[in-house]
Amino acid sequence: MRTLRRVVVTGLGLQGPWGRDPDALFDHLLAGDSAVALYAPPDAPTRLALPSVRCADFDAEATLGRPLAMTMDRYCQLGVAAALDAWRDAGLGERAEAEADPRYGVSWGTALGGTLTFERGYRELFIAGRQRVSPLSVVLGMVNAAASHIGIQLRLGGACLTYSIACASSATAIGEGARRIRCGEADVVVAGGSEAPLSYGILRAWEAMRVLAPGDEHSAHRACRPFSADRAGLVLGEGGAALVLEDYEHARARGARILAELAGYGSSCDASHLVRPDAVGQARAIQAALADAGLTPADIDYVNAHGTATPEGDPVEIQALRQVFGERAARLPVSATKSMHGHQLGATGALEALIAVLALRRGHCPPTAHLAQVAVECQGVTHLQQGQAMPLRHVLSNAFAFGGSNAALILKAADAA
C-alpha cells in the first residue's frame, strides 16, 4: 500500500484591493478595514453603480510587461501576477529558460474566466456594428487561460488543470492539487484562482438575482455584513491569490520555508437545488476534510466562513457548523472576511486559504466587519467582531457554491507539521 505524502505551503502570492503584499492585506483585515467602495463600470450603456471591490492600483503592464499583458484578460493578468509572486515567495528560482518539468503542475480556479473580453466583443458587434472582433478573443476569454499562462511562464510540464465550480472553484483547485502531490503524481503544484467579474453584464446578471448588497458613496464600505441582523446581500470583487503546494520531503530537501501544511480537503454535492444551499451537504464536505486530516471537530481552532451576507446562505452555513461541531459550536471562533475584501467568486477560496495560512503564522483571527448585531438565525457559534490573538494549530476554510458544490480546506500550523 502506497504511503500518502504530506503537502505543505511554501509560497503565497496575491493581487488584491490593498496591493500584492499578503501581510499588508492581513493587517487591514485585523483592523476591520473595508476595501468596498461604490463602482460604476466604464463605458456602460446605462448608469450602474454598486458596492464592489477592485484592485484599483493593479498595473498589468508594469507587473507583467506589455507584450505578455496584452495577451491576457484581466482575470488572467491578476492570476498570473499572483502565481509568479507565489513562486518567488517559495524561493523556487527562475524558470523562464528551464526545461518543462513533468513533476511540477498547475491547479487553478475561476468561475467566469475572461468575461471582460467577451463583453468587449459583444459591445463591438452589437453597439459599434462591427463585423469582426479581436483575433485573440478566444485565447483571451477561455477559462483555462490563466492556468495555461502560469504553466508557460514557469515551465511547469505536469498536469495543467482548471476548475470552474462557481464559488468553490479555487478551494477545489487547491484541494485537488494537493491530492496529486499526496498520491505521488507531482512534487510542486501552483494552486489558486483569479476572477474579474466587474463587467457591466455580469453585474447586471447578479443584480437581477437580487443578491447584491445596495449602497451609495457613503454607505458602500459597510455594504457586506455577514451574519448580521441587517445583512442585505453580497459584494462582488476582483483579484487573484496563489499558493505553492509542495511535497514535504521535497520542500525539506531544498531548505524551503514551510508556511503551513494543507492537512485536509473535503468536497461534496448538496444534490438538492441549484441555488438554495443545504446544511447537510455542507456538513459532509467539512466532515470529509476532518477525516482526510485525521482530525476531530475539537481540533479546529478557527473557521474562516464562506459567509457571503445573503439572507439564505449565512444561516445554512451556521447550521452546518452546528451539525459538525455539536456542543462545541458555541465556543467555535468564526468570522467572514468577505465583509472586507468582498466575494471574488471563483478566486475567493484561494484568497481565504491564503488568509488561513496567515492566521496560523501570526496567531491572530480576523473579524467579521460591520457585525453589530448577530442575526437570531445565525447564532450558535462565537462570532469574532474584532480581530483576536489566540494560539492556532488548525484552521478550517469553507467554500460553498451555486450548484450545490462544496469544498472545505484544513490548514495546519507549520510548527505542528
Side-chain angles (χ1 to χ4, degrees), residues 10-28 35 37 39 41-42 52-98 104 106-110 112-117 120 134 136 139-156 160 162 170 173 190-199 237-244 341-342 344-348 350-351 353-355 357-358:
T10 55
L12 300 176
L14 171 72
Q15 292 295 331
W18 293 293
R20 62 198 296 182
D21 181 354
D23 280 305
L25 165 80
F26 201 73
D27 288 340
H28 281 287
Y39 172 65
S52 305
V53 175
R54 297 184 62 237
C55 301
D57 295 329
F58 176 67
D59 185 332
E61 293 187 10
T63 304
L64 301 170
R66 180 177 173 81
L68 183 59
M70 293 293 288
T71 66
M72 300 177 183
D73 183 271
R74 184 170 176 85
Y75 105 92
C76 186
Q77 295 168 345
L78 291 163
V80 172
L84 295 180
D85 277 0
W87 189 267
R88 285 187 284 266
D89 189 50
L92 283 160
E94 296 295 327
R95 290 190 51 79
E97 305 300 325
Y104 290 7
V106 186
S107 189
W108 206 251
T110 183
L112 301 173
T115 57
L116 292 170
T117 292
R120 187 181 308 115
S134 166
L136 293 178
V139 294
L140 283 166
M142 62 188 189
V143 172
N144 67 320
S148 298
H149 276 289
I150 293 165
I152 292 167
Q153 292 302 307
L154 294 173
R155 305 291 292 153
L156 310 180
C160 180
T162 297
S170 56
V190 178
S194 54
E195 206 78 82
L198 302 183
S199 67
E238 64 176 4
L243 286 71
V244 172
H341 58 65
Q344 296 180 4
L345 301 181
T348 199
L351 175 59
L354 180 149
I355 291 167
V357 171
L358 293 170

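Treat the numbers as computed from the prediction; the structure is a model and nothing was measured.
Within a 6.0 Å radius of CG in Asp23, more than 12 heavy atoms belonging to other residues, nucleotides or ligands are found.
Residues passing the side-chain hydrogen bond (donor to acceptor under 3.5 Å, both in side chains) test with Glu238, sequence neighbours excluded: Arg74. Residues passing the side-chain hydrogen bond (donor to acceptor under 3.5 Å, both in side chains) test with Ser170: none are found, sequence neighbours excluded. Take Asp59 and apply the side chain to side chain contact (heavy atoms under 4.5 Å, CB included) test, not counting sequence neighbours, and it matches Glu61, Ala62. Partners of Gln344 under the side chain to side chain contact (heavy atoms under 4.5 Å, CB included) rule, at least two apart in sequence or in another chain, are Ala347, Thr348, Leu351. Under the side-chain hydrogen bond (donor to acceptor under 3.5 Å, both in side chains) criterion, Thr117 pairs with Asp73, sequence neighbours left out. Thr115 pairs by the side-chain hydrogen bond (donor to acceptor under 3.5 Å, both in side chains) definition with nothing, not counting sequence neighbours. For Ala35, the side chain to side chain contact (heavy atoms under 4.5 Å, CB included) partners are Pro17, Trp18, Val53, not counting sequence neighbours. With sequence neighbours excluded, the residues satisfying side chain to side chain contact (heavy atoms under 4.5 Å, CB included) with Ala191 are Ser107, Ile174, Val189, Leu245. Every residue was checked against the salt bridge (charged side-chain N to carboxylate O under 4.0 Å, His left out) condition with Arg155, not counting sequence neighbours, and none meets it.
Minimum heavy-atom separation, Leu92 to Tyr104: CD2-OH, 4.4 Å. Residues Leu112 and Val143 approach most closely at O-CG2, 4.5 Å, considering heavy atoms. The heavy-atom pair separating Cys76 from His149 by the smallest distance is SG-CD2, 3.4 Å. Of all non-hydrogen atoms in Met70 and Leu140, the two that sit nearest each other are O-CD2, 4.0 Å. Closest approach of Ala350 to Gly193, counting heavy atoms only: CB-N, 3.6 Å. Nearest heavy-atom pair across Ala145 and Val139 is CB-O, 3.6 Å.
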Distance-only donor-acceptor pairs under 3.5 Å for side chains of residues 79-91, two or more places apart:
from: Asp85; atom 1: OD1; to: Arg20; atom 2: NH2; distance (Å): 2.7
from: Asp85; atom 1: OD1; to: Arg88; atom 2: NH2; distance (Å): 2.5
from: Asp85; atom 1: OD2; to: Arg20; atom 2: NE; distance (Å): 2.9
from: Asp85; atom 1: OD2; to: Arg20; atom 2: NH2; distance (Å): 3.0
from: Trp87; atom 1: NE1; to: Gly93; atom 2: O; distance (Å): 2.8
from: Asp89; atom 1: OD1; to: Arg257; atom 2: NH2; distance (Å): 2.8
from: Asp89; atom 1: OD2; to: Leu12; atom 2: N; distance (Å): 2.9
from: Asp89; atom 1: OD2; to: Arg257; atom 2: NH2; distance (Å): 3.0

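Leu64 places a side-chain heavy atom less than 4.5 Å from the side chain of Met72.
Once rounded to the nearest 0.5 Å, the distance linking CZ of Phe26 with CG of Leu354 reads 10.0 Å. The SG atom of Cys160 lies 10.5 Å from the CG atom of Leu154; values are rounded to the nearest 0.5 Å. Rounding to the nearest 0.5 Å places CZ of Arg120 at 8.0 Å from OG of Ser134. Here the CG atom belonging to Leu68 is positioned 4.5 Å from the CD atom belonging to Gln153, to the nearest 0.5 angstrom. Of the inter-residue distances, the one linking Ser194 atom OG with Trp108 atom CH2 reads 5.5 Å to the nearest 0.5 angstrom.
Using a distance-only test at 3.5 Å, with no hydrogens or angles considered, no donor-acceptor pair links the side chain of Thr63 to the main chain of Ala60. A donor-acceptor contact shorter than 3.5 Å links the side chain of Gln77 to the backbone of Ala69. In this structure, the side chain of Glu195 engages the main chain of Gly346 through a donor-acceptor pair within 3.5 Å.
For residues 60-83, no residue pair satisfies the ring pair (Phe, Tyr, Trp, His ring centres under 6.0 Å) rule, not counting sequence neighbours.
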Note to self: With side chain to side chain contact (heavy atoms under 4.5 Å, CB included) as the criterion, how do Thr162 and Met142 come out once you've worked through the C-alpha distance, each side chain's angles and the decisive distance to 0.1 Å?
What the structure shows: CA-CA 11 Å; Thr162 297; Met142 62 188 189; over 6 Å; no
